[in-house]
Engineer: 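First, the structure itself, so that you have it in front of you.
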Amino acid sequence: MKKSLSIIFLLIIFSIQIYNVIAIQRFPKPEFESGHTQPPTLTPSPRAQALDILDVFVLAAALSIVSWLVIKKRSRKGVFWMSVFAVLYFGIFREGCVCSVGSLQNVTLALFNPEYSIPLTVIAFFILPLVYTLFFGRTFCAGVCPLGTLQDIFALRPMSIKSWLEKVLGVIPFIYLGLAVLYAATGTDFIVCRYDPFVGFFRFEGTFMMFIIGGLLLLIGVFIARPYCRFLCPYGALLNLVSRFSRKHITITPAECINCKLCEDSCPFEAINKPVVLKDKEEKPIASRRFIFISVIIPLLVLIGGFTASQFHENLAIVNPKVRLAKELINNTNYGEPNEEAFEITAFKSAGQSKEELYKEAAEITNQFYIGGWILGGFLGLVFGFTLLSLSVFRYREDYTPNKGTCISCARCVDYCPVLPEDRSL
Amino acid sequence: MNRRKFITTIGRGTILSGLAAISGILIFRNSKEKDLCTYDFVCKECQRLKSCTQPEAIILKRKKAKNSVSNG
């Protein structure tokens with residue numbers, strides 16, 4: 001019965017592909033008589049509007065179901081099957097695009113560049129997971145994000161890593177987030193999509209490097225659960241911040257914690273806050289003095305960060321194709337091509353734009369990077385400052401509780417808890 | 001309500017307002033753009049040229065600005 005149900009379910013999913021015939025290209029692809037053939041694209045073909053709307057509904061439904069499974073049902077099994085669905089639907093069927101992780105770049109570009117028209121689907125993919133996180137914790141990461149769920153399936157032998165290393169590596173997503181926003185805001189590139197390690201698996205095509213990096217991350221993920229989510233994902237960094245303010249969140253115990261310690265090592269993401277023994281309590285004046293000291297140096301860290309990053313604005317700007325082209329023309333280096341003219345230079349010459357105009361444009365973009373460098377560095381200084389602050393503050397806990405920021409609500413820990421909701425005396 | 005809960009509620013409200021504002025701005029811009037152009041690519045006589053963000057309109061506005069600078 002279960003088998004036939006799953007076959008029917010898969011048939012329904014794949015039959016939706018038929019709707020792709022509604023997607024009509026506005027302009028037909030040009031036909032060349034020179035023997036030129038259209039190169040294969042790495043981006044998916046346009047989707048029908050009906051499918052776009054369906055995607056938003058499926059996203060909302062998946063988020064609702066996972067949130068219900070996590071908060072009400074407390075079912076790890078349910079979350080696992082939703083993970084499988086997410087890989088099949090959002091990953092393979094939708095070819096991993098548009099995903100919420102990448103959508104943050106579209107939103108940034110749309111905010112900084114009014115000429116860019118952002119589709120409503122993309123706005124929904126950016127906003128909906130954030131709203132759900134604000135109310136129910138990171139249920140999106142648990143069973144809806146195809147990147148995370150794919151790694152989750154591979155987390156077979158998770159090992160624990162040192163908490164200081166976890167903290168240090170946990171800063172990387174914020175650096176990646178800052179860079180992604182900077183490059184998207186300046187219209188340079190969507191680096192999160194360009195270096196998406198798993199999209200090749202979803203589309204069954206991609207560059208060799210894409211498969212190597214994706215494969216390596218999955219291999220690492222067997223031992224260190226969800227390495228991309230924890231130490232790279234920029235959207236995860238946003239969800240980490242938002243989740244701290246969530247209205248409801250998964251709890252390890254359905255009732256009062258009995259401190260049986262069974263759940264202590266159940267989390268492969270080191271996201272369980274352990275009780276702090278009362279004898280460790282330090283004197284309040286010392287803790288207060290340290291708190292005030294770090295609070296005072298945070299603005300200093302912001303300034304130092306801003307100044308440092310702004311000094312690297314030219315290095316950051318070189319990724320921009322226009323800045324690169326201008327530099328190649330000024331230095332006459334021809335993109336390192338020794339024999340024939342680089343196609344970028346040929347294209348520039350045939351476009352009819354003067355060199356002066358290009359240089360002016362490149363200077364404007366470089367200036368944007370200078371301002372962006374200040375903001376990026378300031379943001380990173382703030383992140384370092386708050387990380388220091390969080391390390392210096394000791395919270396006294398009596399129970400085992402999930403860390404609201406780093407917990408991805410996978411519901412693994414709930415199976416370890418012997419406390420029953422009805423039986424509080426256990 | 002204790003201090004921690006109060007801060008969380010304020011934070012949640014702020015984030016929710018921010019998200020609503022971002023969505024509002026983006027949706028408003030999209031809807032505005034759709035109303036603006038009749039897609040006949042004739043910008044010169046268009047009444048809405050000043051606020052139009054279509055590529056053709058931007059090119060024409062740049063040209064106009066350049067001409068006005070060179071004419072003094």
Side-chain angles (χ1 to χ4, degrees), chain A residues 26-27 49 56 100 103-137 181 238-249 351-354 356-357 360-361 364 386 393 395-397 401 404-405, chain B residues 1-44 46-71:
Chain A
R26 200 170 159 202
F27 304 107
Q49 207 176 0
V56 175
S100 300
S103 71
L104 81 93
Q105 300 164 112
N106 300 72
V107 169
T108 308
L109 181 62
L111 286 173
F112 282 87
N113 184 0
E115 289 167 26
Y116 173 69
S117 179
I118 183 170
L120 290 177
T121 324
V122 181
I123 302 173
F125 267 78
F126 176 72
I127 297 287
L128 276 177
L130 286 168
V131 172
Y132 271 80
T133 304
L134 204 53
F135 285 94
F136 308 110
V181 168
L238 270 185
L239 295 177
N240 179 326
L241 296 177
V242 171
S243 182
R244 289 160 199 259
F245 299 96
S246 62
R247 190 183 173 89
K248 285 184 179 176
H249 198 278
Q353 193 187 19
S354 70
E356 285 67 33
E357 275 178 328
K360 203 179 155 190
E361 237 177 292
E364 268 174 35
F386 277 111
V393 175
R395 293 209 181 104
Y396 299 99
R397 296 182 201 90
T401 51
K404 281 177 98 175
Chain B
M1 185 186 281
N2 62 23
R3 187 175 57 183
R4 192 179 291 274
K5 266 194 176 170
F6 174 74
I7 293 168
T8 311
T9 311
I10 295 285
R12 192 165 50 241
T14 312
I15 294 168
L16 211 55
S17 315
L19 290 176
I22 289 171
S23 334
I25 291 166
L26 296 177
I27 292 167
F28 175 71
R29 271 188 196 161
N30 270 8
S31 61
K32 202 171 96 181
E33 198 171 34
K34 272 176 196 160
D35 294 341
L36 277 170
C37 192
T38 48
Y39 296 104
D40 60 359
F41 301 105
V42 182
C43 301
K44 256 183 188 175
C46 183
Q47 300 281 314
R48 293 159 170 174
L49 178 68
K50 207 175 170 186
S51 55
C52 184
T53 54
Q54 292 293 315
E56 292 292 319
I58 290 161
I59 294 165
L60 186 73
K61 280 190 270 187
R62 274 190 196 151
K63 276 183 187 168
K64 273 188 171 179
K66 247 186 201 176
N67 287 344
S68 63
V69 170
S70 58
N71 292 339

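Hydrogens, waters and symmetry mates play no part in the numbers below; they use all other heavy atoms, side chains included. Within every chain, numbering begins at 1; the chains are lettered A, B, ... in the order of the sequence lines, protein sequences first and strands thereafter.
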Engineer: Return the minimal non-hydrogen interatomic distance between B/R12 and A/R247, and the atom names on each side.
Structural biologist: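 Nearest pair, atom of B/R12 first, then A/R247: NH1-CA, 3.3 Å.
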
Engineer: First locate atom CG of A/L111, then atom CZ of B/R29, and finally report the distance between them rounded to the nearest 0.5 Å.
Structural biologist: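 Reported value, rounded in 0.5 Å steps: 6.0 Å.
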
Engineer: At what distance, to the nearest 0.5 angstrom, does CG of B/L26 lie from CD1 of A/I127?
Structural biologist: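 B/L26 CG to A/I127 CD1: 7.5 Å, rounded to 0.5 Å.
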
Engineer: Distance from A/L241 atom CG to B/I15 atom CD1, nearest 0.5 Å?
Structural biologist: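 Taking CG in A/L241 and CD1 in B/I15, the distance rounds to 8.0 Å.
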
Engineer: Would you call B/L16 and A/F135 a side-chain contact if the rule is heavy atoms closer than 4.5 Å?
Structural biologist: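 The answer is yes, as the side chains (C-beta and beyond) meet within the 4.5 Å cut-off.
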
Engineer: Can you say whether A/L134 sits under 4.5 Å from chain B via the side chain, the backbone, both, or neither, judging by heavy atoms?
Structural biologist: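 For A/L134, heavy atoms of backbone and side chain both lie under 4.5 Å from chain B.
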
Engineer: Could you measure the distance from the CZ atom of A/R244 to the CD1 atom of B/I7? Nearest 0.5 Å is fine.
Structural biologist: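 Output value for this atom pair is 14.0 Å.
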
